[in-house]
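Shown next, in structure tokens, is the structure this report addresses.
The structure displayed is predicted, hence computed values, not measured ones.
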Amino acid sequence: MSGVARTQRLSMPQRLVLLVTALALGMAWLVLGGPGPLPWQPRWYVLVHTTLEVFSVVVTMLAFSTGWHGIGSRVPLRVALLAPAALAIALLDVGHLMLVRGMPGMNGPAAAAGGIAFSLLARMLGALVLLVAALAPRERMVGKQMHALSLATALALTAAAYWLALDSPHLLPPTRVPGQGATAFKTGCELAIIVIGALAAFLLLARARRTRLRTDRYLAVAAAALSLGGVGFTVYARPDDVFSMAGHVYKLVGYLFLYGAVHVAAVQAPYLRLMRSERSLLESEHKFRSLMECAPDAIVLAGADGRVAMINARAEELFGLARTSAAGMTLDDLVPASEAGGGDTECRRLDDVPFPAEVRRAATPAGQQIAIVRDVSERRRLERTLVEQLTYDALTGLPNRRRIVETLDEAAATARQNGRTLAVLVFDVAAFRKVNSGYGWSGGDDVLRECVARLSRQLRPGDTLARQGGNEFIVVQKHSGRSVATALAEGLLACMREPFLLGGQKVFLSASVGIAMLPAEASCPAPELLQMAQLAMSSARADGPGCLRFHTADMARAIRDRVELEAQLRHAIERGELVLQYQPRIRTAGGAMAGVEALVRWRHPTLGLVAPARFIPLAEETGLIEELDLWVLRQACRRAAAWHARGLAPGRVSVNLSARQFQQAGLAQRVRAALEDSGLHPAALELEITESTVMRDTEEAAGVLRSLKALGVALSIDDFGTGYSSLSYLKSFPIDVLKIDRSFVKDVAEDANGAAIARAIIALAHGLNLEAVAEGVETAAQLAFLQDNGCDEIQGYYFSPPVWPEELERMMEESFKNVA
């Protein structure tokens, strides 16, 4: 049992090798050991020989029939060679069978020679065709014409063989001499068959090891069997001995494997390929159906007649119909034909409800049609939502600036066409930041929504309200005029005077309105018209809350001048256009110079000397004031240090600090750096800070002032009395000087109230051990009043206007000469 199990476990190549080995060993045993042990009787020759030859003919005929009627219109080249050769071998073996000694009427020497010739030709043809098959390209396929040509060649060779063997045997060399055995010709032919068969077997075996194909393995066994059979035919002494019979058996084995190879190549291999193709087709169809069912789009397949053959699950859901109902409908019933095979169109469900769709239709070469339908309803909804988000304000639902520009363009074109005009109003809610700061963003949102409700009630039918952003609104008033626009603007301002309720508290707000009228004489794009209204609103806001202004050409020129001036101011420092003037401060007791105040001037190359009132506010708005302040501080320190080095001591040099500079972190470090770079003693520097600056955040201001005081510099409060003074905090500030604003000084000689205020400030300063300095002193009466009330220092045109450094140096030199 174990041996049987091991045999069953052998692979096909192993079994074939074992068979060939057994055949070789059997032939070697016969040749070397002799046929003695075999129970063979010559009287059995005719029966056994006839049986073997008949089987050989049947097998080779089967090989021919199988190869000739193989599957497919094209066959492998080897099949096209082997099948006709098998037919020729079968016919030659028939001739051999009919002429063999012992057959009825075939006992003569000529018949025996003819039989041997047929046998040699058949086996030689078999060995040669196997060698050609070993050398032929394995993958080469040929058509029926090549197959027919091969058959015709085989039949021609067979006919020639019959002619030689039957009609002209004298043309063939003798193959056997009675009493002597085989001739040298026959032996040579047998050896040639052995060598050709062995070579073919070797080549086919090498190919089989590479390809691992059964065809090559069977052909290798067939060639080996024919080669081994040739050994038996070479060594036999008589046609009826055991060697001859062994040769016939080996030949039959070779033909059987030849038939097996042709059957595999012509039938089994194409059939397996067909089965694989069918499986692949089924798998592809399964995958296609799976993909169809999993596809997110509706897929509709129709035949060449346009009738629906198949739809997927998404199509059932999208069109609202079952597959059975869809079968037989025309494709156009479900999917309207569109240009260029696809595009956006409108489809309808079974209940006749339309939906937007993106359709792609195509046709196969065979005429079938396929339509892919994507429902774009959600995309359309998102597009509408996106358009709304881009053109409408999310908080108020009003059109935004983008949308109002479009509306304004259309309204302007209509107005010009009808000979009418229109007005654009930009409405700004003032001080809106205090609402967000005090009541949060939700409180600000509530106020904006209430503003929209109030403003909307002021509009006429046809007017459009939009939100530009933040706390600004735009109104487009059609069929307008100057008086009509004014009335609307006043109504908008009036509705804002009513208080807003936030958290149970009343909040009062104001607004400003700018108005631009559509020019009648020239076209004006919507953005430009909006800009005109914006400029007017800015002008109205500058006038104060609750104001309205119409746009004028001067506004645009002022803005252009301001923009140009700002651009030039940004480069003024690096171009060396900024300079300093100094205004002396005089002691009222004795008239000596107590110090100087550094005042920045802009010496413009084309505009000349630009007044500080023109560029200082611009610098504060644009943030350039920080850079400008530092430049003034450094220049004043350097100039004062140079004067001290020359023995010219003007007293303290005072420098103004802007609110922005004061609020920036690291001010003390920047002042220290300026002092160290210039070498100026800190006591020679005085820093002036406005009262409104230090009162914004008194605790933080006190910390900054203490850090500055720690440097050793003097500190003064400028414009005292004009801001929101708090005497309780004033006493805690480490300051040295109070400067009385010029607005209190100019009327001290005529106005009792002004004189009282100035007198109170001087008394306050002295009560806090501070110096009192009066600004803007221009008359002798003002000087006398200040001297009588104990003011420590004066500054103004009465003594000296701001002068250039060179002029101040001459003044200091003359003062020293007079003292000397």
Side-chain angles (χ1 to χ4, degrees), residues 49-50 52-70 75-100 113-136 142 144-169 171-172 175 186 189-190 192-194 196-197 200 204 215 218-219 222-223 225-227 229-230 233 247-248 250-263 265-266:
H49 177 268
T50 302
L52 292 175
E53 288 298 329
V54 169
F55 269 108
S56 297
V57 171
V58 170
V59 170
T60 49
M61 289 299 292
L62 283 174
F64 163 71
S65 178
T66 301
W68 183 259
H69 299 288
V75 297
L77 175 61
R78 294 190 297 182
V79 174
L81 296 174
L82 290 173
L87 175 62
I89 291 171
L91 295 176
L92 292 174
D93 275 343
V94 169
H96 166 69
L97 177 63
M98 300 305 299
L99 295 178
V100 169
I116 293 173
F118 277 121
S119 176
L120 283 174
L121 288 173
R123 289 184 289 113
M124 179 66 74
L125 179 60
L128 288 172
V129 77
L130 286 173
L131 179 61
V132 172
L135 298 174
V142 296
K144 291 297 185 181
Q145 291 182 345
M146 181 64 184
H147 208 176
L149 178 61
S150 179
L151 176 62
T153 303
L155 292 176
L157 290 175
T158 303
Y162 269 87
W163 175 75
L164 285 173
L166 299 179
D167 188 64
S168 304
L171 297 178
L172 295 173
T175 56
K186 180 181 180 303
C189 289
E190 296 291 355
I193 293 171
I194 294 170
I196 293 172
L204 289 167
T215 304
Y218 286 175
L219 290 177
L226 288 179
S227 178
F233 288 118
H248 284 84
Y250 277 58
K251 181 180 73 171
L252 178 59
V253 171
Y255 290 167
L256 285 171
F257 278 94
L258 174 63
Y259 164 72
V262 172
H263 182 268

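Under the side chain to side chain contact (heavy atoms under 4.5 Å, CB included) criterion, Ala85 pairs with Val129, sequence neighbours left out. By the side chain to side chain contact (heavy atoms under 4.5 Å, CB included) test, Leu87 is found to be paired with Met61, Phe64, Leu91, Leu151, Leu155, residues two or more places apart in sequence or in another chain being considered. Applying the side chain to side chain donor-acceptor pair (under 3.5 Å) rule to Thr158 yields no partners; only residues at least two apart in sequence or on another chain are considered. The side chain to side chain contact (heavy atoms under 4.5 Å, CB included) check on Leu128 picks up Met124, Ile196, with sequence neighbours excluded.
Within a 6.0 Å sphere centred on OH of Tyr162, heavy atoms belonging to other residues, nucleotides or ligands number more than 12.
The CG atom of Leu130 sits 11.0 Å away from atom CG of Leu135, with the distance rounded to the nearest 0.5 Å. Of the inter-residue distances, the one linking Thr60 atom OG1 with Leu252 atom CG reads 9.5 Å to the nearest 0.5 angstrom. Between atom CG of residue Leu121 and atom CD1 of residue Ile89 there is a gap of 11.0 Å, rounded to the nearest 0.5 Å. Going from atom CG of Leu125 over to atom CG of Leu120 covers 12.5 Å, rounded to the nearest 0.5 Å. Interatomic distance, Leu77 CG to Met146 CE, rounded to the nearest 0.5 Å: 5.5 Å. Distance check, rounded to the nearest 0.5 Å: CG of Leu92 to OG of Ser119 gives 9.5 Å.
Val57 approaches Ala90 most closely through the heavy-atom pair CG2-O, 3.7 Å. Contact detail for Ala127 and Gly197: the closest heavy-atom pair is CB-N, 4.1 Å. Between Thr66 and His263, the closest heavy-atom pair is CG2-CA, 3.7 Å.
With hydrogens and angles disregarded, a donor-acceptor distance shorter than 3.5 Å links the side chain of Thr153 to the backbone of Leu149. Although no hydrogens or angles enter the test, the distance criterion places a donor-acceptor pair under 3.5 Å between the side chain of Ser150 and the main chain of Ala80.
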Donor-acceptor pairs under 3.5 Å, side chain of residues 253-262 to any protein atom, not counting sequence neighbours: which ones?
none

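Listed by first and then second residue, the salt bridge (Lys or Arg N to Asp or Glu O under 4.0 Å) pairs that reach into residues 114-136 are Arg123-Glu190, sequence neighbours excluded.
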